[in-house]
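Inspection log for the structure reproduced underneath, given as structure tokens.
The first residue of the sequence shown is numbered 1, and numbering continues consecutively from there.
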Amino acid sequence: MADLSVPLSTDLQSYVDARVAAEGFADPAAFVRALVQRDQDEYTRDVARVQRLIDEGIASGIIDDEPENILRQIMDEIPGRHG
């Protein structure tokens, strides 16, 4: 396992110490590892979500019309729209 040394301001160190005590972490390093793991998990979920949206967009096909025409059609379908 690699070591990482991160200097913290007094305020940040106090915050970390308080979180370690409140959440029952073994030590500050365990707290930082949990933060990094949570960030990694969120990043992985975000990348997967974006990839699903890209795949969905690709699978939806290509509309062979001008964007202005598509927008006009959508606007015309809005109930109560006067235009």
Side-chain angles (χ1 to χ4, degrees):
M1 186 179 302
D3 286 339
L4 174 66
S5 176
V6 180
L8 299 175
S9 68
T10 304
D11 289 344
L12 284 179
Q13 184 64 54
S14 295
Y15 175 78
V16 169
D17 292 342
R19 295 286 292 164
V20 167
E23 300 296 326
F25 288 99
D27 53 38
F31 174 67
V32 172
R33 280 191 297 274
L35 289 177
V36 172
Q37 183 64 58
R38 184 174 66 199
D39 180 72
Q40 184 180 32
D41 293 345
E42 288 176 8
Y43 177 79
T44 300
R45 280 192 304 272
D46 288 347
V47 168
R49 178 179 173 268
V50 169
Q51 187 60 58
R52 281 192 307 273
L53 292 170
I54 290 169
D55 293 344
E56 181 182 318
I58 291 170
S60 70
I62 297 172
I63 297 174
D64 192 25
D65 201 348
E66 293 299 318
E68 294 82 11
N69 294 339
I70 299 298
L71 184 56
R72 191 174 306 107
Q73 290 172 4
I74 292 169
M75 301 283 290
D76 289 344
E77 292 175 7
I78 297 174
R81 181 167 168 357
H82 305 286

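- The hydrophobic cluster containing Tyr15 also contains Val6, counting ILVMFWY residues as joined when their side-chain heavy atoms lie under 4.5 angstrom apart, directly or transitively.
- At most 12 non-hydrogen atoms from other residues, nucleotides or ligands lie less than 6.0 angstrom from CD of Glu56.
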### Task
Starting from the C-alpha separation in whole Å, work towards a yes-or-no answer on side-chain contact (heavy atoms from CB on, under 4.5 Å) for Arg33 and Asp27.
CA-CA 10 Å; Arg33 280 191 297 274; Asp27 53 38; 4.2 Å; yes

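- For the pair Arg38 and Glu42, the minimum side-chain heavy-atom distance is below 4.5 Å.
- Hydrophobic cluster membership differs between Ile78 and Ile70, with clusters built from Ile, Leu, Val, Met, Phe, Trp and Tyr side chains linked at under 4.5 angstrom.
- The shortest non-hydrogen separation linking Val20 to Pro28 is CG2-CA, 3.7 Å.
- Taking every heavy atom of both residues into account, Ala34 and Phe25 meet most closely at CB-CE2, 3.6 Å.
- At a cut-off of 3.5 Å, with distance as the only test, a side-chain donor of Gln13 or Asp17 sits close to an acceptor on the other residue.
- The shortest distance between side-chain heavy atoms of Leu71 and Glu68 does not fall below 4.5 Å.
- Tyr43 and Leu53 are members of different hydrophobic clusters when ILVMFWY side chains are connected at heavy-atom separations under 4.5 Å.
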